[in-house]
Amino acid sequence: MVRDPGLIRRSFGLQKEIEPTLQSQYHSELIEAIKRNEYHIVFGEYEVFLAREFGFCYGVDRAVNLAYETRRQFPNRRIIITHEIIHNPRVNQNLKDMGVEFMTGAAPDDSRWDAVGANDVVLLPAFGASAELTERLKATGATIVDTTCGSVMNVWRRVQTYQREGYTAIIHGKHSHEETIATKSRAGKYIVVLDMRQVDMLCDYIEGRGGREAFLREFEERCSPGFDPDADLKKVGIANQTTMLSSESLAIAGRVQQSIEHRYGSAEGHFRRFDTICSATQDRQDAMQEMLKRDLDLMLVVGGFNSSNTAHLLEIALQSCPAYHIYDATCIESLTRIQHSPLNSKQAAHTEDWFPSGARKIGFTAGASTPNSITGNCIKRTLELLGVTPIESAHLR
Ligand code: SF4
């Protein structure tokens, strides 16, 4: 079972009390104005387009609210969070400013957990915590407030079902991403695949073509302890990290199914699939595809550099126009220099002459963990550099 009676998952009923703080930190008048104007607004010679779905998703909204309520509910108790609450540096900093202590990256056997006691409050983030860590924290007697998104728990249920029915979970995701760490800790036998290259290797093995040593080397850190590809790939079930590119996850499921059919003549009894991309991720990817039909000259995608769903929005945007993944307005240093996170790179980069000459149609979207205040500031910053002051524009009165 995923639901755990030892964890608090409900609101403390303090929404009214925290609302003014949330409004002042995360609301944007400019964003609201553009939304009221059908997500498109003209500023002088420039057109700004906003994706119809962007920014905070239901899971992030709930996690942030619950974290703020927790601070309010326990004003005098030490509050610790096991990892970033969401992948947004501003939101995490705001929680630090409220006295929340971050234990980012601490494994379940980290000795720092020894200092957690019954008088402490522990927050579990939106993408969850591993089963081992959750058990260890429960044993401390601390009050545990669980902000794990329901869509993530849905993936846990799926892999637990696979385990019960004797299937190995093939998880499409980033093996070191917190959500995937939490998912695989509940999966029994699993293997995590990142991309089609790894899936091809997996499928070759299923079809009897791959070498065992090379396979184990490739997936050394990506499969359950003692994984035996000869025994553990006979019955497989697909799941995915909720924020992956949905088209890729679908293609991966199709490719594995083909291999299983090739090997066993039928998928029956050997293959299960279930799309666990969350609806918020899907909606943001669909909205991005829709917006790209407007022949944009440039696209700015706003989100934390470690945000997986934001990186996938960039990937979609780059299919149609120049696009940059930035985390806030300070990344837009000038019209000739931008700091950004290039696709498939772990390092932030600076690019010169990034603003396309003659660009007039500029699109904006934001990952599921980006507050509107940050996206609004990115729009303002861009327009100010272009000589437009949006707040004073008649369009916004
Ligand atoms: S992106 Fe999806 S899974 Fe992640 S918090 Fe938002 S709704 Fe939940």
Side-chain angles (χ1 to χ4, degrees), residues 2-3 7 9-11 22 26 51-70 81-92 95 123-130 145-160 169 171-174 176-187 192 238-250 274-289 301-316 325 327 365-372 374-375:
V2 168
R3 290 211 183 275
L7 311 180
R9 291 188 43 82
R10 295 191 124 159
S11 159
L22 293 175
Y26 303 132
R52 292 229 164 219
E53 295 288 342
F54 67 98
F56 274 12
C57 57
Y58 50 85
V60 163
D61 218 23
R62 178 181 166 280
V64 172
N65 283 2
L66 202 43
Y68 276 63
E69 282 194 42
T70 300
I81 184 159
T82 58
H83 206 285
E84 297 181 342
I85 183 90
I86 57 171
H87 285 149
N88 186 274
R90 185 67 258 161
V91 177
N92 290 314
L95 286 179
L123 277 166
L124 305 183
F127 28 65
S130 72
V145 180
D146 180 13
T147 78
T148 308
C149 177
S151 294
V152 172
M153 293 171 78
N154 200 24
V155 187
W156 298 353
R157 278 186 210 102
R158 178 55 40 186
V159 296
Q160 285 169 331
I171 304 168
H172 176 215
K174 297 176 179 169
S176 55
H177 188 285
E178 304 85 329
E179 182 191 317
T180 298
I181 291 171
T183 297
K184 67 191 188 184
S185 75
R186 292 168 170 87
V192 181
I238 307 281
N240 42 256
Q241 192 181 312
T242 54
T243 50
M244 299 308 275
L245 194 60
S246 63
S247 54
E248 191 179 34
S249 281
L250 283 173
F274 193 86
D275 179 6
T276 52
I277 298 281
C278 78
S279 59
T281 296
Q282 185 68 60
D283 290 347
R284 278 153 190 70
Q285 292 177 7
D286 291 348
M288 173 63 102
Q289 298 278 15
V301 183
V302 189
F305 283 174
N306 53 352
S307 162
S308 164
N309 78 88
T310 311
H312 291 309
L313 292 176
L314 175 73
E315 191 170 352
I316 296 170
H325 173 178
Y327 66 79
T365 191
S369 44
T370 309
N372 283 358
I374 292 181
T375 309

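Any value given below was found using the heavy atoms of this structure, including those in side chains, with hydrogens, waters and symmetry copies removed. Just so you know, these numbers come straight off a predicted model, no measurement behind them. Both ligands and their constituent atoms are indexed starting at 1 by order of listing.
Close contacts of ligand 1 with Ser151, meaning ligand atoms under 4.0 Å from a residue heavy atom, involve 3 (S). With ligand atoms numbered from 1 in the order given, ligand 1 contributes 1 (S), 2 (Fe), 3 (S), 7 (S) to contacts under 4.0 Å with heavy atoms of Cys278. Annotation for ligand 1: atoms under 4.0 Å from non-hydrogen atoms of Gly59 are 5 (S), 7 (S), 8 (Fe). Atoms of ligand 1 found under 4.0 Å from any heavy atom of Thr281, numbered from 1 in the order shown, are 1 (S). Residue contact check: Cys149 has heavy atoms under 4.0 Å from atoms 3 (S), 5 (S), 7 (S), 8 (Fe) of ligand 1.
Ser246 places none of its side-chain heavy atoms less than 4.5 Å from the side chain of Asp275.
Protein heavy atom nearest atom 6 (Fe) of ligand 1, with residue, atom name and distance: Cys57 SG, 2.2 Å. Shortest contact from atom 4 (Fe) of ligand 1 to any protein heavy atom: Thr242 OG1, 4.0 Å.
By the 30° and 60° cut-offs, the orientation of the rings of Tyr26 relative to Phe56 is tilted.
The backbone N or O of Ala368 sits less than 3.5 Å from a side-chain atom of Asn309, completing a donor-acceptor pair.
Taking each heavy atom of Leu22 and Val64 in turn, the nearest pair found is CD2-CG1, 4.0 Å. Closest of all the heavy-atom pairs between Glu248 and His172 is OE1-NE2, 3.5 Å.
Rounded to the nearest 0.5 Å, atoms OG (Ser151) and CD (Gln282) are 12.0 Å apart.
Under 4.0 Å from ligand 1, not a single heavy atom of Phe127 appears.
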